[in-house]
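To start, the structure under review is shown below, and the notes come after it.
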Amino acid sequence: MNLSNMSPFLKTVPRNHLNAFRSVSTTSALCDENWLNKLFVRRIEPTKESHSSMLSDKEIIYALYTHNVKPDCMDKYLSNCKNLVKLSSSLQNKTECELAGSWTVEIGDIDQALHLWRFKGGYSGVDKARKFLDEHDDYRKLIKEQSSYVRARHLQFLLAFSFWPKIENRPGKNVYEIRTYALKPGTMIEWGNNWAKAVNYRQNNNEAFAGFFSQIGRLYNVHHIWCYKNLQTRKETRESAWRSPGWDECVAYTVPLIQNMQSRILLPTSFSPTQ
């Protein structure tokens with residue numbers, strides 16, 4: 001098999017893989033350039049820049065709180081959260097943090113709630129806000145009360161992908177989908193390179209709400225949040241993407257980067273800024 005006529009991509013494939021190609025019979029499948037390009041994860045060249053600086057503007061930090069709520073305590077839990085949001089809003093001039101979105105899981109991990117907070121000023125802003133709130137008596141009381149309603153809690157600090165559309169609050173009644181991907185370590189740049197193109201195929205109905213990657217917490221996590229009018233609109237929108245030339249290639253390049261993935265359908269809480 002003559003490798004000289006194939007894509008420059010093969011130059012980045014380890015030599016042992018190329019030797020394996022030479023030992024395989026020359027079949028039409030192996031000679032197909034697109035097939036070969038999709039077979040391996042392309043190598044990322046070394047860089048002196050951090051991946052986060054290449055993928056995001058670090059002036060804004062997002063905190064994603066995931067709470068597993070006791071089934072018989074959901075109403076009390078949401079009332080507690082509403083009071084926390086109200087208190088935090090009154091202290092916003094001190095903390096410079098605000099709620100970006102709040103949801104309960106409708107399909108997926110039932111009895112789960114997600115809250116997305118936005119901190120200005122990078123991690124120094126996070127430090128400032130947390131220090132202030134930790135010393136605020138009313139806030140501490142509400143957090144202590146909340147602990148009696150939940151079974152488990154998890155916090156991630158995230159950065160927004162720079163190529164994702166700016167987060168804007170949605171009016172009316174919507175359903176949201178959060179698709180969470182656990183990537184193979186070292187593949188975040190490759191993911192960003194492909195999704196910088198792929199997100200353009202998912203804008204027919206303005207469904208792209210937010211895209212993040214983790215900084216603290218579960219690492220190499222990516223969260224894509226989509227907004228739809230209903231589940232039928234979700235179905236139609238996703239099917240439409242597959243009819244767009246180029247979408248299939250973006251999927252083919254990114255699937256090998258994923259270790260596991262999860263999809264959850266979300267409903268906004270009554271106090272969520274985005275509905």
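Atom set for the values below is all heavy atoms of this structure, side chains included, hydrogens, waters and symmetry mates excluded. Values in this document were obtained by computation on a predicted structure and should not be read as measured data.
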What do you reckon, are the aromatic ring centroids of [X] and [Y] less than 6.0 Å apart?
{"X": "His154", "Y": "His67", "answer": "no"}
{"X": "Phe161", "Y": "Phe212", "answer": "no"}
{"X": "Trp191", "Y": "His224", "answer": "yes"}
{"X": "Tyr62", "Y": "Trp117", "answer": "no"}

Between [Y] and [X], is there a side-chain donor-acceptor contact under 3.5 Å, judged purely by atom types and distance?
{"X": "Glu207", "Y": "Gln203", "answer": "no"}
{"X": "Ser102", "Y": "Ser272", "answer": "no"}
{"X": "Thr233", "Y": "Asn230", "answer": "yes"}
{"X": "Gln262", "Y": "Asp109", "answer": "yes"}

### Task
Determine yes or no for a side-chain-to-main-chain donor-acceptor pair under 3.5 angstrom, with Ser79 supplying the side chain and Asp75 the backbone.
no

Partner set under salt bridge (charged side-chain N to carboxylate O under 4.0 Å, His left out) for [X], not counting sequence neighbours:
{"X": "Glu96", "result": "Lys128"}
{"X": "Arg179", "result": "Glu177"}
{"X": "Arg218", "result": "none"}

### Query
Which of these passes ring-ring contact (aromatic ring centres under 6.0 Å, His included) with Trp195: Trp247, Phe163, Phe213, Tyr253?
Trp247

### Task
Could you tell me whether Lys229 atom NZ has more than 12 heavy atoms of other residues or ligands within 6.0 Å of it?
yes

#### Entry: Flag if over 12 foreign heavy atoms under 6.0 Å of CZ, Arg153
yes

### Task
Could you check if a side-chain atom of Leu84 sits within less than 4.5 angstrom of a side-chain atom of Ile143, using non-hydrogen atoms only?
yes

### Student check: side-chain heavy atoms of Trp103 and Leu116 closer than 4.5 Å
yes

### Summary
Sorted by chain and number, sequence neighbours left out, side chain to side chain contact (heavy atoms under 4.5 Å, CB included) with Asn200 holds for none

### Summary
side chain to side chain contact (heavy atoms under 4.5 Å, CB included) filter on Lys86, not counting sequence neighbours, yields none

### Message
Give me each pair satisfying ring pair (Phe, Tyr, Trp, His ring centres under 6.0 Å) with a member in residues 254-275, each pair once, sequence neighbours excluded.
### Response
none

